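Inspection log for the structure reproduced underneath, given as structure tokens.
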Amino acid sequence: MKTDNTLNSLTGAERPKFELHRYNPRRAIRGAKAAEVRVTWPDGEEEYLWMSKRDIEGNMREWGSWKGLIDAKNAYHQNR
């Protein structure tokens, strides 16, 4: 995990970007990871990851409060 000093020294171009792709309430009802997040890495590679609330919070600690991570976290709260 990155320390605060390391995170603060990274520019936006060196951090992955996060965007909420979709939220699936049926997965949440089953207890599965329900937020599908598109991650774009600094080298341009993209991947789609299913994230739990815990995954989202861990990524926020490591990479900062990207709008996509905030949107994903809020989707869990709005769909209880």
Side-chain angles (χ1 to χ4, degrees):
M1 181 179 231
K2 306 262 185 280
T3 63
D4 287 345
N5 291 337
T6 304
L7 180 59
N8 290 335
S9 68
L10 294 175
T11 66
E14 296 170 319
R15 299 181 194 179
K17 296 181 177 121
F18 299 89
E19 179 183 345
L20 176 63
H21 178 65
R22 64 180 168 158
Y23 179 84
N24 186 320
R26 288 183 288 295
R27 288 179 62 96
I29 289 169
R30 294 193 324 259
K33 297 175 179 181
E36 188 175 22
V37 177
R38 180 173 68 174
V39 182
T40 305
W41 296 97
D43 65 2
E45 181 182 345
E46 290 185 353
E47 62 184 323
Y48 291 82
L49 302 174
W50 286 105
M51 292 189 184
S52 65
K53 288 184 273 188
R54 187 174 184 182
D55 295 332
I56 294 163
E57 290 165 357
N59 277 292
M60 290 175 89
R61 280 191 301 275
E62 185 166 353
W63 300 109
S65 295
W66 285 91
K67 181 184 182 311
L69 292 173
I70 293 168
D71 290 345
K73 188 175 179 181
N74 288 340
Y76 274 100
H77 294 292
Q78 293 171 358
N79 291 285
R80 291 189 216 193

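Only a predicted model underlies this, so the values are computations on that prediction, with no experimental measurement involved.
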Tell me every residue that passes salt bridge (charged side-chain N to carboxylate O under 4.0 Å, His left out) with K53, counting only those two or more places apart in sequence or in another chain. none
Measuring from atom [atom1] of [X] to atom [atom2] of [Y], what distance do you get when rounded to the nearest 0.5 angstrom?
X   : Y   : atom1 : atom2 : result
I56 : N59 : CD1   : CG    : 8.5 Å
R38 : H21 : CZ    : NE2   : 8.5 Å
S65 : K73 : OG    : NZ    : 8.0 Å
N74 : H77 : CG    : NE2   : 6.5 Å

Heavy-atom pair of closest approach, residues [X] and [Y]:
X   : Y   : result
L69 : G64 : CD1-O, 3.7 Å
V39 : M51 : CG2-CE, 4.3 Å
W63 : W66 : O-NE1, 3.4 Å
A75 : L20 : CB-CD2, 4.3 Å
Y76 : A35 : OH-N, 3.5 Å

Non-neighbouring partners of E57 that pass side-chain hydrogen bond (donor to acceptor under 3.5 Å, both in side chains), sequence neighbours left out: none
Side chain to side chain donor-acceptor pair (under 3.5 Å): pairs with one or both residues in residues 40-50, sequence neighbours excluded: W41-E47
Side-chain polar contacts of residues 26-34 - donor-acceptor pairs under 3.5 angstrom, sequence neighbours left out - could you list them?
unit_1 : atom_1 : unit_2 : atom_2 : d
R27    : NE     : K33    : O      : 2.5
R27    : NH2    : K33    : O      : 3.1
K33    : NZ     : D55    : OD2    : 3.2

Is the shortest side-chain heavy-atom distance between E19 and D71 below 4.5 Å? no
